Amino acid sequence: MKITYYGHSCFLVETGGKRLLFDPFITGNPLAESIRAGEIRCDYILPTHAHPDHIGDLEAVAEQNPNALLVAIWEVSTYYSAKGLKTHPMNKGGWWTFDFGRLKMVQAVHSSVFPDGMPAGEPVGFVIDSQDGVLYVAGDTALTMDMQLIPMTCPTLDAAILPIGSNFTMDYADALIAADFIKCNRIIGCHYDTFGFIKIDHKEAKARFSENRKELILMEVGETTQI
Ligand code: NI
Ligand code: MN
């Protein structure tokens, strides 16, 4: 499984021969000025919720990738379906098998509404179970006991992408507890540094993880890693 970071919570995951784009928000992220949203090629678009820092470039990406399938919670799927996008609606607790592998939509504790005020259901996370790995993408969320259900209902995780910036989501101390809940020692951080509210001390965050025999990966914007 190949993971490329486009800043904030935007990741391209290449797995099962397909390209999955999570939370496309690039334009307007001062840390992602080197990335051109219009040049991203993907087969799937997976927004975790409808806040602007997760869907800012979604329609532009969909326009550049007319065959891409948007996978989202019912309300978000319906919203984009009405705009002509190809969609697959899901809801929390459900699995669906796509051509890259299986996907489960899971709980996230946060809020969600479209910038135009349209309702967006609830925020979600995803578990991707493919031939070359199992990955949990938490989306914006607080630490929640429900994370304990993931190792009970999904195959063993190879890695997880967790928010660590605090203010809007859990902080890295809570993400460390989340890592225990999901039984995963390899954590890729997201949702930090982009705005003043969520700036973190990288050295301190990484030290907290390694003291607890866990790895916190803070990727450079544009960097690709293999899990
Ligand atoms: Ni949010
Ligand atoms: Mn957010």
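One-based numbering, in listed order, for ligands and for the atoms of each. Because the structure is a prediction, the values reported are computed rather than measured.
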H49 NE2 to H51 ND1 via the Ni ion (ligand 1), rounded to 10°, gives 90°
Please check this pair: side chain of [X] against backbone of [Y], looking for a donor-acceptor N/O pair closer than 3.5 Å.
X: S81; Y: T87; value: no
X: Y6; Y: S9; value: no
X: K199; Y: D193; value: yes
X: D140; Y: P123; value: no

Please find out if the Ni ion (ligand 1) and some N, O or S atom of D140 are separated by less than 2.8 Å. yes
Measure from the Ni ion (ligand 1) to each N, O or S atom of H54 and report whether any distance is below 2.8 Å. no
Once you measure the plane-to-plane angle for F100 and F98, does it fall in the parallel (<30°), tilted (30-60°) or perpendicular (>60°) bin? parallel
Is a donor from one side chain sitting under 3.5 angstrom from an acceptor on the other, for K2 and Q226? no
With rounding to 10 degrees, what does the angle H54:NE2 / the Mn ion (ligand 2) / D53:OD2 come to? 90°
2.8 Å cut-off met by an N, O or S atom of [X] to the Mn ion (ligand 2):
X: H49; value: no
X: D140; value: yes
X: H8; value: no

